[in-house]
> 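Handing you a structure now.
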Amino acid sequence: QVQLVESGGGLVQAGGSLRLSCAASGSGFKIIPMGWYRQAPGKLRELVALIKSDGNTDYADSVKGRFTISRDNAKNTVYLQMNSLKPEDTAVYYCYAVGGFWGQGTQITVSS
């Protein structure tokens with residue numbers, strides 16, 4: 001069982017940066033892929049970034065070159081560094097762990 005708690009959301013102007021954190025508790029964190037999803041109003045939830053236990057990463061085309069996912073296994077934490085934010089990045093961001101575990105979500109609002 002894995003429990004996920006996100007932090008770091010908020011309001012930022014276009015071009016700004018934010019960093020999200022996802023603290024995991026429970027067993028098995030170090031061996032499972034984790035990622036960040038987002039859901040904008042009226043849209044489906046979409047994968048933003050994924051990181052495997054070996055550190056390999058994958059990104060949605062819309063965030064490549066702007067967002068960076070990382071993990072600190074010693075702290076049981078996954079991060080999402082978001083730079084050059086755009087209004088279209090506005091959404092609720094969810095931390096996800098393979099196996100069907102979700103965080104509660106954190107709102108990111110990017111103003112133009």
> Using atom types as modelled and distance alone, determine if a side-chain donor or acceptor of Gln104 lies under 3.5 Å from a backbone N or O of Glu6.
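Yes; at least one donor-acceptor contact below 3.5 Å.
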> Give a yes or no on this: more than 12 heavy atoms of other residues, nucleotides or ligands lie within 6.0 Å of atom CD of Gln3.
no
> Looking at every non-hydrogen atom in both residues, tell me the closest pair between Ala14 and Pro87 and how far apart they are.
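Nearest heavy atoms, Ala14 then Pro87: CB-CD, 4.1 Å.
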> Should the pair Lys64-Asp61 be classified as a salt bridge under the 4.0 Å nitrogen-to-oxygen rule?
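Between Asp61 and Lys64 there is a salt bridge, with a charged N closer than 4.0 Å to a carboxylate O.
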> For Met34 and Val2, run side chain to side chain contact (heavy atoms under 4.5 Å, CB included): C-alpha distance rounded to whole Å, both residues' side-chain angles, the deciding distance at 0.1 Å, then the answer.
CA-CA 11 Å; Met34 297 186 65; Val2 176; 5.6 Å; no
> Do Ile69 and Val78 come within less than 4.5 Å of each other through their side chains, counting heavy atoms only?
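Ile69 reaches Val78 side chain to side chain.
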> Any non-hydrogen side-chain atom of Ser62 less than 4.5 Å from a side-chain atom of Arg38?
yes
> If you look at every heavy atom in Gly105 and Val92, which pair is closest and at what distance?
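Minimum heavy-atom contact is CA-CG1, 3.9 Å.
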> Looking at every non-hydrogen atom in both residues, tell me the closest pair between Ile108 and Gly9 and how far apart they are.
CD1-CA, 3.4 Å
> Is it true that a side-chain atom of Thr90 and a backbone atom of Val110 form a donor plus acceptor pair closer than 3.5 Å?
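Yes, because the side chain of Thr90 sits within donor-acceptor range (under 3.5 Å) of the backbone of Val110.
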> If you group Ile, Leu, Val, Met, Phe, Trp and Tyr by side-chain heavy-atom gaps below 4.5 Å, do Trp102 and Leu80 land in one group?
no
> If you compare all heavy atoms of Asn73 against all heavy atoms of Ser53, which two are closest, and at what distance to 0.1 Å?
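So the minimum-distance heavy-atom pair works out to ND2-O, 4.4 Å.
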> Taking atom OG1 of Thr106 and atom CG of Leu18, what is their separation to the nearest 0.5 Å?
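Answer rounded to 0.5 Å: 9.0 Å.
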> Please report the C-alpha distance between Leu85 and Phe67 in whole Å, then the side-chain angles of each, then the deciding distance to 0.1 Å, and finally whether the side chain to side chain contact (heavy atoms under 4.5 Å, CB included) criterion is met.
CA-CA 9 Å; Leu85 283 160; Phe67 291 11; 3.8 Å; yes
> Please name the pair of heavy atoms, one in Arg66 and one in Asp89, separated by the smallest distance, quoted to 0.1 Å.
NH1-OD2, 2.8 Å
> Hey, what do you get for OG (Ser112) to NZ (Lys86), rounding to the nearest 0.5 Å?
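Going from OG on Ser112 over to NZ on Lys86, the span is 14.0 Å.
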> For the residue pair Leu4 and Ala97, what are the closest heavy atoms and their distance?
CD1-N, 3.7 Å
> For the OG atom of Ser7 and the OH atom of Tyr79, what is their distance to the nearest 0.5 Å?
9.0 Å
> Side-chain heavy atoms under 4.5 angstrom apart, residues restricted to Ile, Leu, Val, Met, Phe, Trp, Tyr: same cluster for Ile32 and Ile51?
yes
> Out of the candidates Phe101, Trp36, Tyr37, only one should pair with Tyr96 under the ring-ring contact (aromatic ring centres under 6.0 Å, His included) rule; please name it.
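The single option meeting the ring-ring contact (aromatic ring centres under 6.0 Å, His included) with Tyr96 is Tyr37.
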> In Å, rounded to the nearest 0.5 Å, how long is the span from CD of Gln39 to CG of Leu44?
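So the gap between those two atoms works out to 7.0 Å.
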> First locate atom OH of Tyr59, then atom CG of Leu47, and finally report the distance between them rounded to the nearest 0.5 Å.
11.0 Å
> With a 4.5 Å heavy-atom cut-off, do Val48 and Met82 have their side chains touching?
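They are not in side-chain contact.
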